[in-house]
Protein chains: 2
Amino acid sequence: MTKPKPSNDEILDIATRTFSEKGYDGARMAEIAKAAGVNKATLYYRIGDKDILFTAVLKRIFGTKVGQLEEMLKTPQSAEAKIHEFAKILVLGEIPEQFGAIMLREIANGGRNLPDEVLPLMGRTVGVLEEILASGQKDGVFKPINPFLLHMALVGGCSLYATNGPIRRRVAQMAPKDSAIHKELPLNEAANHIAEMLLGGIRITRN
Amino acid sequence: MTKPKPSNDEILDIATRTFSEKGYDGARMAEIAKAAGVNKATLYYRIGDKDILFTAVLKRIFGTKVGQLEEMLKTPQSAEAKIHEFAKILVLGEIPEQFGAIMLREIANGGRNLPDEVLPLMGRTVGVLEEILASGQKDGVFKPINPFLLHMALVGGCSLYATNGPIRRRVAQMAPKDSAIHKELPLNEAANHIAEMLLGGIRITRN
DNA sequence: AAATGGTTTAACTGGATGGTTAAAATGAGT
DNA sequence: ACTCATTTTAACCATCCAGTTAAACCATTT
């Protein structure tokens, strides 16, 4: 019956979920405070205004992803395996849909609410992919392709699939019975499949 | 010096741009009215409330895309060429970024503002891609893959690239000088490159 | 030129929302 | 137990915003 006062980190958890579901404009400070179990003024006292809160959310979520990517980069797997890992890291995690939704929306927004501080983190995700591709090319197993466009297709495809569940199910109801849209794939399998398709265009094939 | 009163279609043009730039929550009815050169009440009189306006915008933009896709489907090109066309249709058009931005945001939103009427149109874009793939498989040139995931990667990749210009340029400023992010690709080339990568994973290769 | 009916307008409303404040509660150090 | 800084709270405020209203406007008909 007691309510242990939530840590700042727990507040950020709630804020992350709210922003990922409603977007920056759609999220309400009062709503976040209530969901976190703190008074609205406490939220302002502890963390700050909406911009500061959003920045904190972005820094933490992108920071976590970049950390996982850097770790993965150090492992001794093949470049090809690392592409698969890259896709899985994007799409999985404690809170799968959230990263994708926030990323998609921020991009669609032209980064209107994106503070400078998170830009290096976004840039680093591209950088990691570039390093994987460069190493694959050095080993003579990858073609030269535009890493940034691969990044778009990989991130776009995985994030879209990770977040489109609600719409997908609504569309599925009115789609032909034999449509592929009815197949509910777990996120990691979807990420694998997308990565595999793209690897088909990257891998050097002798023919 | 005279101001010819804008047609409903011109109002929809403005509304489409506003919604694509700001999103549903970020767009202001007063802003749309002013930009279109009509009184706010006129906007309500002529079209209706925010939901009705948004629905009209969605129906028109998705309807146009689906129309173009259906036309393309009828042409006598190879399945492979049609995949390329598919990507180009998504990303090009009178108002390139708008479709992508609206689509990405709607998906990230879980379709909170998406009316039932546009679902068949969204479903049809997947359907068109499925038909292309089926025909390619019948001709023995395509592997069996999950069409829905191809759709994700293609739409996601192209839409992301089409809309991420502003962020990309900001990230580029703090990226290493040799990063692929600095290369400014025209949209149709980017769409081609992404389609080509994915085709690598679709095409049947003898090896 | 008066009546009619569709269209546009400025002004307004009610409720929500981001942000503030002053006072109360809490707790650590003495 | 007292002091003082930190934290929490309820109440408050100014602004914004979707949507409405009643009057004005204009074209056509009679």
Side-chain angles (χ1 to χ4, degrees), chain A residues 1-59 102 105-106 109 111-115 117, chain B residues 1-60 102 105-106 109 111-115 117-118:
Chain A
M1 210 51 219
T2 59
K3 48 169 186 178
K5 72 176 188 178
S7 67
N8 280 13
D9 228 57
E10 286 165 329
I11 293 179
L12 282 190
D13 288 344
I14 300 288
T16 304
R17 200 173 71 212
T18 308
F19 281 126
S20 81
E21 284 171 2
K22 312 275 182 79
Y24 183 88
D25 289 315
R28 305 286 158 221
M29 293 299 277
E31 180 193 7
I32 292 171
K34 193 178 173 190
V38 275
N39 189 283
K40 187 156 63 99
T42 305
L43 182 57
Y44 275 86
Y45 177 80
R46 289 241 223 129
I47 295 181
D49 66 18
K50 201 175 185 180
D51 276 319
I52 294 171
L53 176 60
F54 191 56
T55 299
V57 164
L58 290 176
K59 279 171 76 171
I102 288 179
R105 227 180 321 236
E106 257 339 280
N109 271 337
R112 237 178 339 125
N113 306 302
L114 200 64
E117 305 159 68
Chain B
M1 212 51 218
T2 58
K3 48 170 184 177
K5 72 178 188 178
S7 68
N8 280 13
D9 228 57
E10 285 166 330
I11 293 179
L12 282 191
D13 289 342
I14 299 288
T16 304
R17 200 173 71 211
T18 308
F19 281 126
S20 81
E21 284 171 3
K22 312 275 183 80
Y24 182 87
D25 289 316
R28 304 288 160 222
M29 293 299 276
E31 181 194 6
I32 292 171
K34 192 178 173 190
V38 274
N39 188 283
K40 185 153 66 98
T42 304
L43 181 59
Y44 276 86
Y45 178 79
R46 289 236 225 132
I47 295 181
D49 67 18
K50 200 176 186 181
D51 275 318
I52 294 170
L53 176 61
F54 190 55
T55 300
V57 163
L58 289 176
K59 279 171 76 172
R60 201 181 59 153
I102 288 180
R105 224 178 326 234
E106 259 337 281
N109 270 336
R112 238 177 339 125
N113 306 302
L114 200 64
E117 306 159 68
V118 307

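None of the values given here were measured: they were computed from a predicted structure. Order of the sequence lines sets the chain letters (A, B, ...), proteins ahead of strands, with each chain counted from 1.
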Figure out the [atom1]/[atom2] separation between [X] and [N], and round it to whole Å.
| X | N | atom1 | atom2 | value |
| --- | --- | --- | --- | --- |
| A/N8 | D/dT6 | CG | C1' | 14 Å |
| B/K34 | D/dA18 | NZ | P | 15 Å |
| A/D25 | D/dA18 | CG | P | 11 Å |
| B/Y24 | D/dC17 | OH | C1' | 12 Å |
| A/F54 | C/dG19 | CZ | C1' | 19 Å |
| A/I47 | D/dT7 | CD1 | P | 13 Å |
| A/D49 | C/dG19 | CG | P | 5 Å |
| B/E31 | D/dA18 | CD | C1' | 14 Å |

So if I take residues 39-46 of chain B and measure heavy-atom distances to DNA chain D, which residues fall below 4.0 Å? B/K40, B/A41, B/Y44

Any salt bridge between B/R112 and A/E21, counting N to O under 4.0 Å? no

Strictly below 4.0 Å, N to O, side chains only: are A/K22 and B/D25 in salt-bridge contact? no

Describe, in one word, how the ring planes of B/Y24 and B/F54 are oriented to each other, choosing from parallel (under 30°), tilted (30 to 60°) and perpendicular (over 60°). perpendicular

Donor-acceptor contact present, side-chain [X] to main-chain [Y], <3.5 Å:
| X | Y | value |
| --- | --- | --- |
| A/T42 | A/V38 | no |
| A/K34 | A/M29 | no |
| B/T18 | B/I14 | yes |

So what does A/A33 touch, heavy atoms closer than 4.0 Å: a base, only the sugar-phosphate, or nothing? nothing

Would you say D/dC16 has OP1 or OP2 under 4.0 Å from some side-chain N or O of B/R28? no

